[in-house]
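Working notes, beginning with the structure itself.
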Amino acid sequence: CALPISQSEEFGYMSGIDPSFCSPENTKHNRSLRLWLPLHLYGISAFRAALEEKILITQYFYRKILEKGFTVAVVPELTVVAFRWAKIKCSDDDVDDTNSKLKLENQFNRKLNDCVVKTQKILLSTTVIRDVLWLRFMVLNIKSHQDMADLALDLIERCLNKQLEQ
């Protein structure tokens with residue numbers, strides 16, 4: 001029977017290639033195919049609308065986090081908001097210089113992030129810019145909508161109150 005021979009690796013045109021690993025779903029992520037198909041089916045207007053929604057959610061989160069008294073690194077241009085709590089009340093014994101206050105603020109923000117992430121409802125990431133720890137809220141998923149931003153704001157506020165009580 002010629003069928004097993006034609007599907008074996010020893011057959012001339014397939015030498016060294018396993019055909020079961022050659023289809024798009026078995027190869028490394030093919031980003032162009034993942035982009036091309038929805039673009040072809042739904043058009044560019046669907047992509048524009050989705051991006052506009054994510055930017056509006058980010059602007060909404062930015063306004064609300066400022067209202068809660070947080071410091072924001074910069075006005076967001078795309079879908080990331082870097083913020084932190086910088087209103088740490090310290091006694092003179094706790095803080096002997098600016099660097100010590102910054103360390104206390106960074107510890108506070110790290111604990112705030114840990115509290116939010118521990119809920120397993122949203123994920124905030126952190127970054128350090130010039131020795132300052134910033135929490136980051138990012139709207140990256142197509143399934144993220146305003147209710148997710150509201151949930152994040154609620155969790156952040158609850159964790160903030162919890163940290164301030166300690």
Side-chain angles (χ1 to χ4, degrees), residues 19-90 98-99 101-166:
S20 66
F21 293 110
C22 293
S23 64
E25 55 279 341
N26 287 335
T27 59
K28 272 196 137 182
H29 297 296
N30 190 336
R31 292 183 188 99
S32 60
L33 184 60
R34 288 183 177 181
L35 180 62
W36 176 83
L37 185 59
L39 190 59
H40 184 70
L41 291 174
Y42 302 112
I44 193 77
S45 60
F47 281 79
R48 285 187 177 133
L51 181 58
E52 182 179 355
E53 179 195 17
K54 304 316 172 211
I55 290 172
L56 290 172
I57 292 168
T58 305
Q59 292 169 352
Y60 169 79
F61 182 89
Y62 168 76
R63 287 191 307 274
K64 292 293 185 179
I65 206 76
L66 282 175
E67 288 174 10
K68 294 182 183 302
F70 282 84
T71 301
V72 177
V74 294
V75 177
E77 292 182 24
L78 291 174
T79 61
V80 179
V81 180
F83 64 98
R84 69 190 314 266
W85 187 257
K87 298 178 181 179
I88 307 295
K89 294 180 182 172
C90 309
T98 308
N99 198 26
K101 185 173 187 321
L102 182 61
K103 285 181 182 177
L104 286 172
E105 288 175 354
N106 285 347
Q107 288 174 352
F108 183 89
N109 283 288
R110 172 93 46 214
K111 289 178 184 175
L112 177 61
N113 181 61
D114 292 345
C115 177
V116 172
V117 170
K118 202 177 286 186
T119 65
Q120 297 184 352
K121 298 198 187 243
I122 64 162
L123 176 65
L124 297 177
S125 64
T126 59
T127 190
V128 177
I129 303 170
R130 296 188 184 129
D131 298 327
V132 177
L133 180 83
W134 294 91
L135 292 91
R136 291 184 297 185
F137 174 78
M138 296 179 267
V139 185
L140 301 175
N141 191 315
I142 193 150
K143 296 177 183 177
S144 298
H145 301 288
Q146 185 173 335
D147 60 337
M148 185 62 71
D150 288 331
L151 174 64
L153 289 162
D154 181 53
L155 289 172
I156 291 166
E157 186 170 27
R158 277 195 262 158
C159 287
L160 174 65
N161 292 334
K162 185 178 176 181
Q163 290 302 116
L164 290 173
E165 288 173 4
Q166 294 179 356

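Separation of atoms CD1 (I57) and OH (Y60) is listed at 10.0 Å; rounding is to 0.5 Å. Of the inter-residue distances, the one linking L124 atom CG with L155 atom CG reads 8.5 Å to the nearest 0.5 angstrom. Here the straight-line distance linking atom CG of N113 with atom CD of Q163 works out to 10.5 Å at 0.5 Å rounding. In this structure, the separation between NZ on K111 and NZ on K118 is 11.0 Å, given to the nearest 0.5 Å. Rounding to the nearest 0.5 Å gives a distance of 15.0 Å between CG of L56 and OH of Y62. Once rounded to the nearest 0.5 Å, the distance linking CG of N109 with CG of L104 reads 11.0 Å.
Ion pairing between R158 and D154 holds under the 4.0 Å rule for side-chain N and carboxylate O.
Here the shortest heavy-atom pairing between L160 and L112 reads N-CD1, 3.4 Å. Closest heavy-atom contact between V116 and C159: N-SG, 3.5 Å. L78 and I55 make their closest contact through O-CG1, 4.1 Å (heavy atoms, listed as atom of the first residue, atom of the second, distance). A pairwise comparison of heavy atoms in A86 and K101 identifies O-NZ, 3.8 Å as the closest pair.
The backbone N or O of I142 sits less than 3.5 Å from a side-chain atom of K54, completing a donor-acceptor pair. No donor-acceptor distance shorter than 3.5 angstrom exists from the side chain of N106 to the backbone of V132, with no hydrogens or angles considered.
Using modelled atom types and a 3.5 Å distance limit, the side chains of R136 and S125 yield a donor-acceptor pair.
Among residues at least two apart or in separate chains, salt bridge (Lys or Arg N to Asp or Glu O under 4.0 Å) pairs with a member in residues 58-69 are K64-E67, K68-E157.
Side-chain contact between V80 and T58 is absent, with no heavy-atom pair separated by less than 4.5 Å.
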- Decide yes or no on side chain to side chain contact (heavy atoms under 4.5 Å, CB included) for F61 and I156, but give the supporting numbers first. CA-CA 11 Å; F61 182 89; I156 291 166; 3.8 Å; yes
- Query: So T71 and W134, side chain to side chain contact (heavy atoms under 4.5 Å, CB included) or not? Walk me through it.
  - Reply: CA-CA 9 Å; T71 301; W134 294 91; 4.1 Å; yes
- Task: Decide yes or no on side chain to side chain contact (heavy atoms under 4.5 Å, CB included) for L135 and W85, but give the supporting numbers first.
- Result: CA-CA 9 Å; L135 292 91; W85 187 257; over 6 Å; no
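Ring geometry for F83 versus F70: interplanar angle over 60°, hence perpendicular rather than tilted (30 to 60°).
Summarising the local packing, CG of N161 is surrounded by more than 12 heavy atoms from other residues, nucleotides or ligands at distances under 6.0 Å. Other residues, nucleotides and ligands place no more than 12 heavy atoms under 6.0 Å from the OH atom of Y42.
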